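If you're wondering where the values come from, they're calculated on a predicted model, not measured in any experiment. Residues take their numbers from the sequence shown, with the count starting at 1. As the structure lists them, so they are numbered: ligands from 1, and atoms in each ligand from 1.
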Amino acid sequence: MTTTHDSGTYRPPAPGRPDIRQRTLRTDRWWLPPLANALGLATFVVYATIRSLWGSAYYVEQYHYLSPFYSPCVSASCIPEASHLGQWFGEMPWFLPYALVSLPFLLLFRLTCYYYRKSYYRAFWASPPACAVAEPHTTYSGETRFPLILQNAHRYFFYVAFLISILNTYDMVLGFQSTDPITGQTSFGLGLGTLILLINVIGLWLYTLSCHSCRHVTGGRLKHFSKHPVRYRLWTTISKLNTRHMLFAWLTIGTLILTDFYVMLVASGTISDLRIVN
Ligand code: FES
């Protein structure tokens, strides 16, 4: 007999399983977390894509603020002052970001992140939609095949992201300067923008260092901690950070958007930076 239930066509239970015809017996709003995840991730992707390709309002010359979506700015399309590492390419066509050397790696770093995988496997692929809610799929091969087997390359993106975090730190330190527009003299300066850049960089370090691959390479793959006291200490600290990895993943989505948005407002002249010193 074929009947239907709330997930579509009725599938008879596997041998030995009780014949429960509902997709799930959960009565809570189990669909809320995957929905929130899908909206949060989609917002970030749309914002980051638009802003990375925007091509203006990413650098405040007077206070040396550079948006993280434009670091490093290595194309001839960049404002020369914003090119902290020089200009390696000619003019960028509209469909390529100025920070072409970093953004693809950062995208792959987050795309292969163990936390984000959980998040988008649930939110976009319903695999599973929630615990104890039947999947819409009839087959499942996990991460055993191409392309998902490539998720195993995460550690290499971690290494690159580590270097990019150093670069973001350098950009942030430059934000502690103020250039007098009349005399051209540069001296120490501190504004709200500097603090926002600082908070963003702290967040990026917390996210990067709390990575599961970081935990593995520092000490997680060792067998005898007693023979590696330094790596054991490192592993202990990173394990503590790692328990908050989900939090840091969302926190940095927020700080990245906030930092870029603030730099955009100041660079476009919409608001002026709130200065604390100079
Ligand atoms: S596991 Fe999330 S960044 Fe490595």
* Heavy-atom side-chain proximity of Phe176 to Leu190 below 4.5 angstrom -> yes
* **Which of the ligand 1 atoms, numbered from 1, are nearer than 4.0 Å to a heavy atom of Tyr114** => 1 (S), 2 (Fe)
* Structure fact -> side-chain contact (heavy atoms from CB on, under 4.5 Å) test vs Ser67 passes for just one of Val263, Val60, Leu197, namely Val263
* To do: Could you tell me how the ring of Tyr159 sits relative to the ring of Tyr156: parallel (under 30°), tilted (30 to 60°) or perpendicular (over 60°)?
  => perpendicular
* Asked: Can you tell which part of Tyr207 has a heavy atom less than 4.0 Å from ligand 1: side chain, backbone, both or neither?
  -> side chain
* Asked: Heavy-atom contacts under 4.0 Å between Tyr116 and ligand 1: side chain, backbone, both, or neither?
  -> neither
* Structure fact -> One finds that the ligand 1 atoms under 4.0 Å from a non-hydrogen atom of Cys113 are 1 (S), 2 (Fe), 3 (S)
* Asked: Among side-chain atoms of Thr169 and Trp205, is any donor-acceptor pair under 3.5 angstrom?
  -> yes
* To do: Would you mind running through ligand 1 and noting each atom that sits below 4.0 Å from a heavy atom of Phe109?
  => 3 (S)
* Can the ring centres of Phe157 and Phe109 be said to be less than 6.0 Å apart? -> no
* Structure fact -> Nearest heavy atom to atom 4 (Fe) of ligand 1, choosing from His245, Arg155, His154, His212, belongs to His154
* Is it true that some N/O/S atom of Cys211, main chain or side chain, lies under 2.8 Å from atom 4 (Fe) of ligand 1? -> yes
* Donor-acceptor pair between Tyr70 and Asp260 side chains, under 3.5 angstrom -> no
